[in-house]
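All remarks here apply to the structure that follows.
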Amino acid sequence: MKITPLGIWGAYPKANGATSAFLVEEEGFRCLVDCGSGVLSALQTRIALHDLDALVITHYHPDHIADVGVLQHGVMIETLLDKRSQPLQVYAHADDEDQFSNLQYGKYMSATAVSPQQTQTIGPWNVDFCKTDHPVHCLALKFTDKHDASVVFTADTAWTSDLFPFINGSELLVSEASTYQSMIDQIPGHLSGRQAGQLAHETDVEHLLLTHLPQYGNVDDLVTEAKDVFSGEVTLADPAKTYRIGKG
Ligand SMILES: [Zn+2]
């Protein structure tokens with residue numbers, strides 16, 4: 001499984017950047033995780049738009065859905081130009097019915113409701129969902145391939161032990177790290193670098209990848225905070241890199 005960061009910023013993008021989103025690829029199947037500000041542009045530095053097979057949305061905050069409208073336009077135009085023959089499959093929770101219904105876009109984009117109660121098959125993966133602690137309903141994601149390799153995306157969350165059993169056994173934890181430990185009380189609904197490290201420690205993952213980063217301060221300090229409590233590998237998500245887990 002290949003995991004490529006497309007954007008690494010929380011809330012809003014830095015200059016020439018994008019908000020938190022990832023491209024997940026295996027067996028030629030390509031899935032976008034979240035579609036926030038700047039993501040459609042970043043995606044096309046990696047793949048042609050018509051090669052995108054699926055999109056999973058964790059929650060309906062703008063830094064995770066801002067580019068959905070322009071993605072719909074892109075998919076429509078590529079379909080009209082005969083570059084795409086299938087609708088783009090979109091998976092998201094339907095807790096917010098208005099937001100969920102906005103994902104459906106004629107014959108171009110087809111939305112499927114997901115929930116923590118049910119594993120969803122998406123391309124070559126089984127994808128599981130876990131409710132996080134966030135001001136709006138938000139789902140963490142776990143992609144597991146047929147070789148049993150798995151990656152968890154925390155999406156947006158405050159500290160919660162509810163995620164422990166969900167993350168346990170995964171090789172890679174892609175965790176939000178929205179602020180610094182000294183400022184955690186000022187940024188509710190999110191994790192500090194230290195808390196992301198604590199999550200990795202409690203769940204015994206091999207590699208912690210930090211994303212949804214703050215625009216302020218020195219983000220390298222987030223790695224230092226995480227390493228204070230977690231002895232595995234810790235890195236800042238880097239849009240110039242692709243991370244591999246498992247055999248695929
Ligand atoms: Zn959010």
Side-chain angles (χ1 to χ4, degrees), residues 3 5-14 17-24 31-40 42-43 55-71 90-103 111 113-116 127-143 151-163 166-167 173-181 183-196 198-199 208-217 219 222 226 236-237 239:
I3 295 116
L6 298 175
I8 60 171
W9 304 109
Y12 65 96
K14 268 193 162 181
T19 54
S20 186
F22 288 81
L23 179 64
V24 185
C31 180
L32 182 60
V33 172
D34 282 333
C35 191
S37 180
V39 171
L40 196 61
L43 174 68
L55 164 65
V56 184
I57 298 286
T58 60
H59 67 302
Y60 299 109
H61 273 155
D63 51 336
H64 297 257
I65 59 165
D67 270 10
V68 168
V70 288
L71 175 61
V90 186
Y91 303 87
H93 73 70
D95 192 70
D96 183 327
E97 290 179 15
D98 288 344
Q99 292 278 16
F100 178 75
S101 65
N102 285 341
L103 297 174
V114 297
S115 79
V127 182
D128 292 288
F129 307 89
C130 181
K131 185 179 181 306
T132 74
D133 182 354
H134 200 53
V136 299
H137 189 63
C138 178
L139 298 176
L141 315 174
K142 177 161 57 183
F143 286 68
V151 54
V152 168
F153 298 88
T154 64
D156 287 11
T157 189
W159 174 258
T160 171
S161 60
D162 290 354
L163 285 170
F166 187 70
I167 298 168
L173 174 61
V174 181
S175 177
E176 74 129 289
S178 295
T179 194
Y180 307 91
Q181 185 61 29
M183 301 176 71
I184 192 63
D185 292 339
Q186 291 170 257
I187 311 287
H190 291 285
L191 297 174
S192 67
R194 182 183 175 89
Q195 288 175 319
Q198 193 68 36
L199 202 52
L208 171 63
L209 196 60
L210 301 177
T211 190
H212 206 275
L213 306 177
Q215 296 79 9
Y216 48 87
V219 291
L222 300 167
L236 294 175

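Bear in mind that the values here come from a model prediction, so they are computed numbers and not experimental data. First listed ligand is number 1; within each ligand, the first listed atom is number 1. In what follows, residues are counted from 1 in the order of the sequence shown. Below, all heavy atoms of this structure are taken into account, side chains as well, without hydrogens, waters or symmetry copies.
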**Prompt:** Could you state the interatomic distance from CG (Leu191) to OG (Ser178), rounded to the nearest 0.5 Å?
**Reply:** 7.0 Å
**Message:** Suppose the cut-off is 2.8 Å; how many protein N/O/S atoms fall inside it around the Zn ion (ligand 1)?
**Reply:** 4
**Thr154 vs His212 side-chain heavy atoms within contact, under 4.5 Å** = no
**Request:** Carefully, step by step, assess His137 and His59 under the rule side chain to side chain contact (heavy atoms under 4.5 Å, CB included).
**Result:** CA-CA 6 Å; His137 189 63; His59 67 302; over 6 Å; no
**Message:** Quick check on the 6.0 Å ring-centre criterion: do His93 and Tyr60 meet it?
**Reply:** yes
**Message:** For a quick check under 3.5 Å, do Asp156 and His61 share a side-chain donor-acceptor pair by atom type?
**Reply:** no
**Asked** Got Val174 and Phe22 here, is their nearest side-chain heavy-atom distance under 4.5 Å?
**Response** yes
